[in-house]
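Just so it is clear, the structure is predicted and the values come from calculations on it, not from any experiment. Just so it is clear, the values below take in all heavy atoms, side chains as well, and ignore hydrogens, waters and symmetry mates.
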Amino acid sequence: MGLPTVADLDRVRWITFNRPEAANALRVEDLDHVADAVRDLGGGIRAIVFTGAGERTFSAGMHLDAFRDLTPITARRLIARVADFLRAVRRSPVPTVAMLNGTCLGAALELALACDIRIAHPAVRLGLPEVKLGIPSVADAALLPAFVGLSRAREMILTGDLYDLEAFGPGFANRVAEPERLRAATLAMLEKLTGHTPQVIAAQKSLFETWLDNGITTSVSSSVDVFGDLFDDPATAEAVERYQHRTPRSARGGTS
């Protein structure tokens, strides 16, 4: 058991945190390993799924050893690597799915927030316990208010407590399934995510980042440019034709 395993199956890359004896905690070397697996997809991969080995834990986040004997300089280096790992996931040109098969803490919860889709079983426990270690929640913890609201996000971060799935509200998990149905629910979602052109998914994913980083004026302007540029690719016209042929005339809009 050690580095996260990477397996490609039916155009999906499955990345499994593989340290169940240590609650699938992440070591520093895991961060670059996963970031490389996310960036180096090749042409055939259409989605990425993250999950944890075993039946109890998705991941406990960074291993506590990572925080020992840090100096201000090495602490900045560490958190920069965490942020780079999360940025690679958030900016992936393919859909990313967190299959939450158990407890999800710290940097692992930030990973789940960075993913496009979250599929969880109802008994999972989630939290950002960093404050209990005397360190702040940073990086993609900044996404938490968009899911749970500012007041609840501040409570979760400032207490460092664990919460059940219900506390995160209906906007966090896209699907909830019992443990024995979790993989089936994930596969059903993947079927919906992987049938589109890679070009449109990559374009839409880039717009998600633009929308996060900018106000409405810049976001709309960028959307116009991305939309237009897609029509330079023959795959877009082909997708339009395919959709027209399989869609009932009454659902197409207009009279054409």
Can you check whether [X] reaches [Y] side chain to side chain, under 4.5 Å on heavy atoms?
X: V94; Y: T194; value: no
X: I119; Y: V49; value: no
X: V89; Y: C115; value: yes
X: L133; Y: L64; value: yes
X: P95; Y: I201; value: yes
X: V82; Y: V138; value: no
X: P93; Y: K205; value: no
X: F168; Y: L144; value: yes

Co-membership, hydrophobic cluster, residues [X] and [Y], 4.5 Å side-chain:
X: L111; Y: V28; answer: yes
X: V12; Y: L182; answer: yes
X: V200; Y: V97; answer: no
X: L212; Y: F147; answer: yes
X: I157; Y: V131; answer: no

Passes side chain to side chain contact (heavy atoms under 4.5 Å, CB included), F172 versus L113? Steps please.
CA-CA 8 Å; F172 177 75; L113 295 170; 3.8 Å; yes

Which atom of [X] lies closest to which atom of [Y], heavy atoms considered:
X: A153; Y: V148; answer: N-CG2, 3.5 Å
X: L41; Y: I45; answer: O-CG1, 3.2 Å
X: A141; Y: L128; answer: CB-CD1, 4.2 Å
X: S59; Y: N24; answer: OG-O, 2.8 Å
X: H121; Y: E178; answer: CB-C, 4.1 Å
X: L86; Y: A107; answer: CD2-O, 4.1 Å

Please confirm whether the backbone N or O of [Y] pairs with a side-chain atom of [X], one donor and one acceptor, at under 3.5 Å?
X: R19; Y: A25; value: yes
X: R27; Y: D65; value: no
X: D164; Y: R125; value: no
X: T96; Y: D116; value: yes

Interatomic distance, [X] atom [atom1] to [Y] atom [atom2] [nearest 0.5 angstrom]:
X: R154; Y: L158; atom1: CZ; atom2: CG; answer: 8.0 Å
X: L162; Y: M156; atom1: CG; atom2: CE; answer: 10.5 Å
X: L190; Y: R183; atom1: CG; atom2: CZ; answer: 9.0 Å
X: F67; Y: T74; atom1: CZ; atom2: OG1; answer: 11.5 Å
X: L31; Y: L78; atom1: CG; atom2: CG; answer: 7.5 Å
X: F85; Y: M62; atom1: CZ; atom2: CE; answer: 8.5 Å

Please determine whether the number of non-hydrogen atoms from other residues, nucleotides or ligands lying under 6.0 Å from atom [atom1] of [X] exceeds 12.
X: D32; atom1: CG; value: yes
X: R11; atom1: CZ; value: yes
X: E191; atom1: CD; value: no
X: E166; atom1: CD; value: no
X: L150; atom1: CG; value: yes
X: R175; atom1: CZ; value: no

Decide yes or no on side chain to side chain contact (heavy atoms under 4.5 Å, CB included) for V38 and I15, but give the supporting numbers first.
CA-CA 9 Å; V38 169; I15 299 176; 4.1 Å; yes

Would you call R13 and D40 a salt bridge, using N to O less than 4.0 angstrom?
no

Salt-bridge contact R87-D140 (side-chain N to carboxylate O under 4.0 Å):
no

Classify the side-chain pair N18/T5 by whether it contains a donor and acceptor separated by less than 3.5 Å.
no

Might you work through the side chain to side chain contact (heavy atoms under 4.5 Å, CB included) test for L100 and L126, ending with a clear yes or no?
CA-CA 10 Å; L100 302 177; L126 310 106; 4.2 Å; yes

Derivation and outcome, side chain to side chain contact (heavy atoms under 4.5 Å, CB included), residues F17 and V34
CA-CA 9 Å; F17 303 124; V34 173; 4.2 Å; yes

